[in-house]
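Here the structure is laid out as structure tokens; the discussion comes afterwards.
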Amino acid sequence: MRKSQVSLLFGILTLVAAASLMPLKAQEFQSSNDLLDPNAFLVQSELYLWNRFSDLLDTVRCGIAVGPGLGAEVAITEYAQLSLYANNETGVAFPHFLPPLWLVDKYENNVDAFEYHNGKYATAAFGPWRAESSVYGLDDRNVHFRRDKWDLRLQLDLLLVHFYVAIRPVEILDFFTGFVGLDLSLDDAQLNPVLERRPADQFGRGICNILFGVVEVPNNIFRVTRNEGDLAGCSKGVGLGLWRFLVRECVGVVELVTFPFGWEPIIEPAYVINDTDQATNWKVYKPAFHKRY
């Protein structure tokens, strides 16, 4: 290997190493004391991974609509468009193609992940030129799927069903720059230095929910039988117990994996074996994904 190639390889490795360390310094660590706090280091590391995962989910939006219509649109930003279609549609746009993860937007931003619209319009576009007529007015964003300036869009109107997908270069750039600590979209969750955290409590709850969550089954059978009779106990009690058992197991895993955050309990009562009346006090709260940690 020639000397110039060795120098180039060494330079690349140096940049990679610097980039891997930069996020912790630029984005997560707020003081030199954090370096000496193992819990803060774990929280910051998990937040860093969570933010990269969340940024990745932001890179694509999809949608579906119904109503009479025909045509298609392909757009590579608003400066390179080719479209000709007319329709009368009612539709909804949603994040990416993974329905179970649609809740990420809701929990993180505390807003509805879905965007609804209803419109009757005709569109023609070529290059940067676009002409559109609409009975609802051209400036109403609720008439059609979202059209952001730099997005790569595809829309197909197939008589009664219409499909939409948008790739978002701005969010793709935000995803990659996030690895080196730059939050271009200003949507990364940040560590709140004054928030009181109890990681030991969360760790203990997570372990207990995983190991003893199954106790929900006999607990609910006995409780429902006592309050409503044998028939209700062997039907409603079993079903309710199995459901609460599954919820506790899932919550236990979440609490164990994220224990450095020291959240308040997600399930009330926090422990499956307790002295409270589960008939009135058993509740599930939103995890703190949408809060400033």
Side-chain angles (χ1 to χ4, degrees), residues 50-179 182-189 289-290:
W50 169 260
N51 285 328
R52 303 293 71 75
F53 176 68
S54 176
D55 286 345
L56 180 62
L57 295 181
D58 289 338
T59 59
V60 178
R61 285 195 70 82
C62 314
I64 188 169
V66 295
L70 184 64
E73 176 177 60
V74 177
I76 304 175
T77 77
E78 69 173 17
Y79 301 104
Q81 309 170 82
L82 179 61
S83 66
L84 181 62
Y85 60 95
N87 54 35
N88 183 359
E89 66 182 32
T90 299
V92 58
F94 41 82
H96 51 80
F97 295 97
L98 303 172
L101 297 179
W102 289 346
L103 292 176
V104 170
D105 276 26
K106 183 175 181 61
Y107 283 142
E108 185 179 48
N109 303 315
N110 205 25
V111 297
D112 195 343
F114 302 102
E115 296 177 351
Y116 300 95
H117 70 272
N118 180 21
K120 181 179 181 181
Y121 61 97
T123 296
F126 182 77
W129 172 82
R130 171 181 288 273
E132 183 169 276
S133 63
S134 170
V135 299
Y136 295 92
L138 296 180
D139 296 329
D140 189 350
R141 290 179 60 90
N142 294 324
V143 170
H144 48 64
F145 291 112
R146 183 194 299 186
R147 299 172 181 167
D148 289 337
K149 182 176 182 178
W150 300 108
D151 283 0
L152 284 65
R153 298 192 314 275
L154 172 65
Q155 183 170 335
L156 298 175
D157 297 336
L158 305 176
L159 298 180
L160 295 178
V161 182
H162 320 303
F163 301 96
Y164 161 89
V165 61
I167 299 173
R168 311 169 74 187
V170 172
E171 295 297 340
I172 293 175
L173 183 61
D174 179 55
F175 169 69
F176 284 108
T177 58
F179 284 104
L182 300 177
D183 180 19
L184 298 182
S185 296
L186 302 178
D187 58 356
D188 283 1
F289 295 152
H290 63 286

Please enumerate all residues that pass side chain to side chain contact (heavy atoms under 4.5 Å, CB included) together with L156, with sequence neighbours excluded.
A72, L154, L158
Among residues at least two apart in sequence or on other chains, which ones pass salt bridge (charged side-chain N to carboxylate O under 4.0 Å, His left out) with E73?
R130, R153
How about P95 and R61: do any of their side-chain heavy atoms sit closer than 4.5 Å?
yes
Where do D174 and D187 land on the side chain to side chain contact (heavy atoms under 4.5 Å, CB included) test, with the steps shown first?
CA-CA 9 Å; D174 179 55; D187 58 356; 3.5 Å; yes
Whether D183 side chain and D188 backbone form a donor-acceptor pair below 3.5 Å
yes
Work out which heavy atom in A122 is nearest to a heavy atom in A86; give both atom names and the distance.
CB-CB, 3.9 Å
Side chain to side chain, H96 and W102, heavy atoms closer than 4.5 Å
yes
Judged by atom type as modelled, is there a donor-acceptor pair below 3.5 Å linking the side chain of S54 to the main-chain atoms of W50?
no
Without hydrogens or angle criteria, can the side chains of E171 and T59 be said to hold a donor-acceptor pair below 3.5 Å?
no
Check Y85 against G71 and note the closest heavy-atom contact, atom names and distance.
CB-CA, 3.4 Å
Does the plane of the ring in F179 sit parallel, tilted or perpendicular to the ring in F175? Use 30° and 60° as the thresholds.
perpendicular
Using the side chain to side chain contact (heavy atoms under 4.5 Å, CB included) criterion, which residues pair with T77? Sequence neighbours excluded.
Y79, W150
Any residue meeting side chain to side chain contact (heavy atoms under 4.5 Å, CB included) with I64, in chain and number order, not counting sequence neighbours
V92, F94, V161, F163
Is L101 atom CG crowded by more than 12 heavy atoms from other residues, nucleotides or ligands, each under 6.0 Å away?
yes
Report the C-alpha distance between I167 and I172 in whole Å, list the side-chain angles of each, state the deciding distance to 0.1 Å, and finish with yes or no for side chain to side chain contact (heavy atoms under 4.5 Å, CB included).
CA-CA 8 Å; I167 299 173; I172 293 175; 3.7 Å; yes
Would you call H144 and Q155 a side-chain contact if the rule is heavy atoms closer than 4.5 Å?
no
Residues Q81, R147; criterion side chain to side chain contact (heavy atoms under 4.5 Å, CB included); working and verdict:
CA-CA 12 Å; Q81 309 170 82; R147 299 172 181 167; over 6 Å; no
If you count the non-hydrogen atoms of other residues, nucleotides and ligands that lie under 6.0 Å from CZ in F176, is the total more than 12?
no
Results of side chain to side chain contact (heavy atoms under 4.5 Å, CB included) for P68 - residues two or more places apart only:
N88
Please report the C-alpha distance between Y121 and E89 in whole Å, then the side-chain angles of each, then the deciding distance to 0.1 Å, and finally whether the side chain to side chain contact (heavy atoms under 4.5 Å, CB included) criterion is met.
CA-CA 9 Å; Y121 61 97; E89 66 182 32; 3.4 Å; yes
Using the salt bridge (charged side-chain N to carboxylate O under 4.0 Å, His left out) criterion, which residues pair with D55? Sequence neighbours excluded.
R52
Heavy-atom side-chain contact between L70 and N87 under 4.5 Å:
no
Please round to the nearest 0.5 Å and tell me the distance separating atom CG of N118 and atom OG1 of T90.
3.5 Å
